[in-house]
K.L.:
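Quick one: the structure is below, and I'll ask about it shortly.
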Amino acid sequence: MEYKFREIEKKWQKYWEKNKTFKAFDDFQNPKKYYILDMFPYPSGSGLHVGHPEGYTASDIMARYKRMKGYNVLHPMGWDAFGLPAEQFAMDTGTHPAIITNKNCDTFRRQIKDIGLSYDWDREINTTDPGYFKWTQWIFIQLYNTWYDEKLQKGRHINELEVPADIKSRGDDYVRSYIDGKRLAYYDKALVWWCSSCKIVCANEEVLTDGSHEKCGHPVEKMNLKQWMLRIPLYAERLLSGLDDLDWPEGIKDQQRNWIGKSTGAEVKFHVENTGDIISVFTTRPDTLFGATYMVLAPEHELTARLTTGEKEKEVRKYIKDAVLKSDLDRTDLAKEKTGVFTGSYAINPVNNKKIPVWIADYVLTGYGTGAIMAVPAHDERDFEFALKYELPVECIMNPDTDDQELKEKTLEGKACWTEDGTYVNSSDKKTGLDINGLKKEEGIKKTIEWLESRQLGKATVNYKLRDWLFSRQRYWGEPFPVIHWEDGTISLLDEAELPLELPVLEKYQPGENGESPLANATDWLMVTGKNGMKGRRETNTMPQWAGSCWYYLRFIDPHNSKAIFSKEKEKYWMPVDLYIGGAEHAVLHLLYSRFWHKVLYDLAYTSHDEPYLKLFNQGMILAFAYETKTGAKVPADLVEEKEGRYFHRNTGEELTQIVAKMSKSLKNVVNPDDIIQRYGADAFRLYEMFMGPLDASKPWDEKGVKGVFGFLTRVARLFGDLSCVSDETESDEILQALHKTIRKVENDIENLRFNTAISSLMIFTNLAVKKGKVNRDTAKTFVRILHPFAPHLAEELWEAYGNKESLANEEWPEVNEKYLKEDTFEYPVSFNGKLRFRLELPLDMENNEIENAVLGDERASRWLEGNKPRRIIIVKGRIINVVI
RNA sequence: GCCCGGAUGGUGGAAUUGGUAGACACGUUGGACUUAAAAUCCAAUGGCCGUUAAGGCUGUGCGGGUUCAAGUCCCGCUCCGGGUACCA
């Protein structure tokens, strides 16, 4: 068969589409279900790049394999289509963002279909579709109507929240604000990052460490604006502990754990001298209280003004003003040099009643813990640095566990800082009754907390880094909030029946005044009148892009349901996602937010599992070769010439070094999947994406590699497609053994997502078959079946050529016949003192002493023994023989 | 700084998890076919020594160690990539 890949691929893509070969049925009778999900893409204007199909091909191989294994497979695709570029385009041209978005979706869909991926296209979803975002809005309403019951560790409907009697007695306003204070979604003033270039607020995590907006690179500033926030920290503990049982890469779990940032310690109360105020601090080291020599408040702390004494007032006020105005950019820039001011007040250290000064410094953050710390310079690096600069006392209370005598002495003298374990010294006080001298850290912490709790001076506490999630954006192209702000200052949410709240068509998409979204210009849409005649205004913010992607995996289960977000029965059948494949760039945000929403829906009994994604796999990044001169200057790929495996500058002739870099327009090394498919076909494209290396590794694209797999497909077509090479003769044992070994290997490799080695074993088998020049029909049919997940078009074509009428997609995966895997003999590598000297073929059932005799009896052995008697002979059956002399 | 990865031929990468290092593929070289080229096919291909051959030595970022045996385990580094940023 001549390998006419274009024809073959078009033919089968049409066939699959026409016959709905990959339609997933809600077949509740079949208990074997497999839900395999790709992270759906944002359909950008530049189309698919070679990175997208890497994960998609991997999931497709798995999906096709599982179908052959008898699973009912759910394998859907959709579009995460709200996003900035479409809105920017609308601003520039006046075109509605939906128009450009739909165009981009069309391109993506066409490109994905060209690769021959086995999606159930009847389940396609688009986050910008009102039929979809109706339910995104619905989830927001659920969040708003949910509070977190700390006792039950569970989200519950707001109607089940008991309002304390003393609140009730104070009137409706108090009740309302009490309830609002418990909702998972709340509307409040928040100090937020503002990007004046995008005219939008950004979530903390969208601000890069250099203080610039990740979307545009413009520096951000702080602003106090009313925003929707979600109380994700309430779920911190469950988000953390839920990770343990997930089959996710450990690195990703670690990232989430770090992001959640749990730390255990204690809250301790310090009385301020004279004023009667109490400063509460969070510390992970209550055991070091005896070493606390000063305290620090964050500049934003509520007590700063009260604690500042007259003569310090001017200085303090200036410091606070500067600090608050400083962007995080400046704060981190100045991280090396800490600054602060003394308030003039003193607090009392509860363990020894000593007076310690209260300072204000911006190295203490307002959003974490209580926004105030006790400083223990002898045992905390930051405090030590600060104490040194402002000449505050350093009191060592722990004899370090170290062999470094110099360090030990310096620490004991308060001239060095020790943060590890040790034995307490100077840690007792007769009057207060606390004594931990001689103890180690673990016991010290325990004993101190007990002491604090018994005197009501503090209590054991847990803190999380995870902050409330800023959930609104000043954009047009996002889900509108189903919210009305009434003129009396109250808020109400739309009824479910009023959903979806669609976006109004605008004439222009420029942002509104005072940091409002373009929706502020949509007067007709914006203003509403209530039944009682009260005037209201709709929320002009929209939801962030995360919203749509937070729950899309649930909608795939029942994408056309207009009555409910999804049928519970179907959800119970399909969930959880068995395998989720996507890029590691979503390690924290998308996956954490998504888990959060899922847990809320679980608590409200909409979903049947606590976690959405059982197994997660991150594909690596696809990079490209790039070239640079000796001085490190990058040279665009079109100016590079290859001669005998070396690289030269086309113009200057200078020799260049090949490096690996991200694909970029400036380096002219971007690869378009369309070109590759045009030249080598979709099967070769798929195969190469998988053959490059391990799925989770980052690796460079090399077109020469595509040629390699293309050659493989050509050889397959030539041999297995030439019916004169496919005989009815009895198959040789050699081929059968190789075939069954290949089935086993491919099966194992697919299960473990090691597609590169699976392909390699398919190649090895093909090389053998080509060498033989012919195979029997059963062999050919078996081979084509295991080739199918990788190169489905060619496999279907061959399958048809063997006289089959039905698509290969629903055929059974071939079974391994163990008979062909058993070997009687093994060619042992024989080593002397660990060095391989010769090989010796021996029966596998030979006894060890017989093996010894056979080895020592071999004439080649005498040469290495040199007359010595072996001290030991190690025999590992079927593996190796090592003679120790 | 801290937390995760990673480093194997000229290149992408294999190596049953402690047991034959370099599978498979690219590239290169030589050969066949061709008027020629492309395509295809065959052979060789880690480095060094050995005229050939037989064979030997050496070799998985660096330095130590454990073991009959280390790419794989342990200790100490170097470099590269990702995440994070004073989290008390």
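All values reported here derive from a predicted model rather than from experimental measurement. Chain letters run A, B, ... following the sequence lines, proteins first and then strands; every chain starts at 1.
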K.L.:
Give the rounded distance in Å between these two atoms: NZ of A:Lys253 and P of B:G5.
P.N.:
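In whole Å, B:G5 P lies 13 Å from A:Lys253 NZ.
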K.L.:
Looking at the side chain of A:Lys338, which of B:C3, B:G56, B:C86 is the nearest nucleotide?
P.N.:
B:C86
K.L.:
Within the 4.0 Å heavy-atom criterion, would you say A:Pro249 contacts the bases, only the backbone, or no part of the nucleic acid?
P.N.:
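Since no nucleic acid heavy atom lies under 4.0 Å of A:Pro249, the category is nothing.
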K.L.:
Name the nucleic acid region contacted by A:Lys465, choosing base, sugar-phosphate or nothing; use a 4.0 angstrom heavy-atom cut-off, strictly under.
P.N.:
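Base contact.
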K.L.:
Give me the distance, rounded to whole Å, that separates B:G9 from B:G63 when you measure between the P atoms they each carry.
P.N.:
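Looking at atom P only, B:G9 and B:G63 are 15 Å apart.
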K.L.:
Which residue in the set A:Val296, A:Leu297, A:Thr370 passes side chain to side chain contact (heavy atoms under 4.5 Å, CB included) when paired with A:Val364?
P.N.:
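With A:Val364 as partner, side chain to side chain contact (heavy atoms under 4.5 Å, CB included) holds for just one option, A:Val296.
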K.L.:
Mind checking A:Trp864 for me? I need base, sugar-phosphate or nothing, with any heavy atom below 4.0 Å counting as a touch.
P.N.:
sugar-phosphate
K.L.:
Which nucleotide, B:G13, B:C3, B:A15, lies nearest any side-chain atom of A:Thr757?
P.N.:
B:A15
K.L.:
Between A:Tyr294 and A:Phe386 (judged by ring centroids, cut-off 6.0 Å), do the two rings come close enough to count as a pair?
P.N.:
yes
K.L.:
May I ask you to verify if any side-chain N or O of A:Tyr363 is less than 4.0 angstrom from the OP1 or OP2 atom of B:A88?
P.N.:
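For B:A88, OP1/OP2 do not have a side-chain N/O of A:Tyr363 under 4.0 Å.
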K.L.:
Between A:Arg718 and B:U40, is there a contact of a side-chain N or O with OP1 or OP2 at under 4.0 Å?
P.N.:
no
K.L.:
Using atom C1' of each nucleotide, how far apart are B:C2 and B:C73 to the nearest Å?
P.N.:
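Looking at atom C1' only, B:C2 and B:C73 are 26 Å apart.
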K.L.:
Let me know the distance between CD of A:Glu385 and C1' of B:G1, rounded to the nearest Å.
P.N.:
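From A:Glu385 CD to B:G1 C1': 12 Å.
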K.L.:
In whole angstrom, give me the gap between the C1' atoms of B:C79 and B:C62.
P.N.:
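Taking atom C1' in both B:C79 and B:C62, they lie 10 Å apart.
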K.L.:
Go nucleotide by nucleotide along RNA chain B from the 5' end; which of A:Phe826 and A:Lys699 gets its closest nucleotide reached first?
P.N.:
A:Lys699
K.L.:
Return the value, rounded to whole Å, for the distance between atom CG of A:Asn833 and atom P of B:C68.
P.N.:
11 Å
K.L.:
Among the candidates B:G19, B:A25, B:A88, find the nucleotide nearest to the side-chain atoms of A:Arg715.
P.N.:
B:A25
K.L.:
How far does the P atom of B:U66 sit from the matching atom of B:C74, given to the nearest Å?
P.N.:
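Comparing P positions in B:U66 and B:C74 gives a spacing of 15 Å.
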K.L.:
With syn defined as a glycosidic angle within 90° of 0 and anti as the rest, where does B:G61 land?
P.N.:
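Anti conformation for B:G61.
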K.L.:
Could you measure between the two C1' atoms, the one in B:A39 and the one in B:C33, and give it in whole Å?
P.N.:
11 Å
K.L.:
In whole Å, what is the span from the CG atom of A:Asp287 to the C1' atom of B:A88?
P.N.:
13 Å
K.L.:
Measure the distance from CG on A:Asp749 to C1' on B:A23 and round it to the nearest whole Å.
P.N.:
12 Å
K.L.:
Quick one: which of B:G19, B:C3, B:G12 gets closest to the side chain of A:Ile874?
P.N.:
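Ranking B:G19, B:C3, B:G12 by closest atom to the A:Ile874 side chain puts B:G19 first.
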K.L.:
Taking B:A14 as the reference, what is the distance to B:C86 when you measure between their C1' atoms (whole Å, please)?
P.N.:
45 Å
K.L.:
Which of these nucleotides, B:G13, B:A88, B:C68, is closest to any side-chain atom of A:Pro700?
P.N.:
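Between B:G13, B:A88, B:C68, the one nearest the side chain of A:Pro700 would be B:G13.
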K.L.:
Salt bridge check: are A:Asp244 and A:Arg257 linked by an N-O gap of less than 4.0 Å?
P.N.:
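The answer is yes: the pair qualifies as a salt bridge.
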K.L.:
Establish, with yes or no, whether the OP1 or OP2 oxygen of B:U58 is under 4.0 angstrom from a side-chain nitrogen or oxygen of A:Lys835.
P.N.:
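Answer is yes, contact under 4.0 Å.
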K.L.:
Does B:A25 have OP1 or OP2 sitting under 4.0 Å from an N or O in the side chain of A:Asn767?
P.N.:
yes
K.L.:
Kindly indicate whether the side chain of A:Asn882 and the base of B:C68 share any N or O donor-acceptor pair separated by less than 3.5 Å?
P.N.:
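It does, because a donor-acceptor pair links the side chain of A:Asn882 to the base of B:C68 below 3.5 Å.
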K.L.:
Out of B:C4, B:G56, B:G19, which nucleotide sits closest to the side chain of A:Ile880?
P.N.:
B:G19
K.L.:
If the threshold is 4.0 Å, N to carboxylate O, is there a salt bridge linking A:Glu250 and A:Lys253?
P.N.:
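Here A:Glu250 pairs with A:Lys253 in a salt bridge, since their nearest N and O are under 4.0 Å apart.
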K.L.:
Check side chain to side chain contact (heavy atoms under 4.5 Å, CB included) between A:Arg872 and all other residues, then give those that pass, not counting sequence neighbours.
P.N.:
A:Ile874, A:Val884
K.L.:
Syn or anti for B:U28, please, going by whether the chi angle lies within 90° of 0.
P.N.:
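B:U28: anti.
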K.L.:
Side chain of A:Phe625 only, heavy atoms from C-beta on: which candidate in B:A23, B:U11, B:A14 is closest?
P.N.:
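Nearest to the side-chain atoms of A:Phe625, counting from C-beta on, is B:U11.
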K.L.:
Given B:A25, B:C26, B:C86, which nucleotide is nearest the side-chain atoms of A:Lys704?
P.N.:
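Nearest listed nucleotide: B:C26.
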K.L.:
How does RNA chain B look in dot-bracket form if you count Watson-Crick and G-U pairs under 3.5 Å, write [ ] for pairs that cross, and put | where a base pairs with another strand?
P.N.:
(((((((..(((......[....)))((((((.......))))))((((.....))))..(((((..]....))))))))))))....
K.L.:
Which nucleotide in the list B:A88, B:G27, B:A25 gets nearest to the side chain of A:Tyr368?
P.N.:
B:A88
K.L.:
When the P atoms of B:G10 and B:C3 are considered, how many whole Å apart are they?
P.N.:
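B:G10 and B:C3 have their P atoms separated by 35 Å.
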K.L.:
Is the closest side-chain heavy-atom distance between A:Asn756 and A:Pro694 below 4.5 Å?
P.N.:
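Sidechains of A:Pro694 and A:Asn756: in contact.
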K.L.:
Taking the C1' atom of each, how far is B:G22 from B:G31, in whole Å?
P.N.:
26 Å
K.L.:
Rounded to whole Å, please give me the gap between CZ in A:Arg754 and P in B:A25.
P.N.:
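About 19 Å, once rounded to whole Å.
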K.L.:
Taking only N and O in the side chain of A:Asn756, is any of them less than 4.0 Å away from OP1 or OP2 of B:A14?
P.N.:
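True: A:Asn756 side-chain N/O within range (under 4.0 Å) of B:A14 OP1/OP2.
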K.L.:
Let me confirm one number: the CG-NZ distance from A:Leu466 to A:Lys262, rounded to the nearest 0.5 Å.
P.N.:
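Here the interatomic distance stands at 13.0 Å.
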K.L.:
Would you name the heavy atoms of A:Thr339 and A:Ala361 that are closest together and state the gap between them?
P.N.:
O-CB, 3.2 Å
K.L.:
Establish, with yes or no, whether the OP1 or OP2 oxygen of B:C57 is under 4.0 angstrom from a side-chain nitrogen or oxygen of A:Arg837.
P.N.:
yes
K.L.:
About how many Å separate CG of A:Leu695 and CE of A:Met690, when rounded to the nearest 0.5 Å?
P.N.:
5.5 Å
K.L.:
Nearest heavy atom decides the nucleotide; on that basis, is A:Ile764 or A:Gly369 closer to the 5' end of RNA chain B?
P.N.:
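The residue mapped nearer the 5' terminus is A:Ile764.
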K.L.:
A:Phe712 has an atom CZ; how far is it from atom C1' of B:A25, in whole Å?
P.N.:
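The distance from CZ of A:Phe712 to C1' of B:A25 comes to 11 Å, rounded to the nearest Å.
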K.L.:
Could you tell me which non-hydrogen atom of A:Leu842 sits nearest to which non-hydrogen atom of A:Ala854, and how far apart they are?
P.N.:
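Shortest heavy-atom separation between A:Leu842 and A:Ala854 comes out as CD2-CB, 3.9 Å.
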K.L.:
Starting the side chain at C-beta, find the nucleotide from B:A23, B:C26, B:G83 nearest to A:Gln255.
P.N.:
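Comparing B:A23, B:C26, B:G83 against the side chain of A:Gln255, the answer is B:G83.
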K.L.:
One pair to check against side-chain contact (heavy atoms from CB on, under 4.5 Å): A:Phe832 and A:Phe838. What are the steps and the verdict?
P.N.:
CA-CA 9 Å; A:Phe832 287 78; A:Phe838 60 87; 3.6 Å; yes
K.L.:
Would you kindly give the NZ-to-P distance between A:Lys262 and B:U84, to the nearest whole Å?
P.N.:
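The answer, rounded to whole Å, is 23 Å.
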K.L.:
Please check the phosphate of B:G82 (OP1 and OP2 only) for any side-chain N or O of A:Ser698 closer than 4.0 Å.
P.N.:
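So the side chain of A:Ser698 is outside the cut-off, no N or O lying under 4.0 Å from OP1 or OP2 of B:G82.
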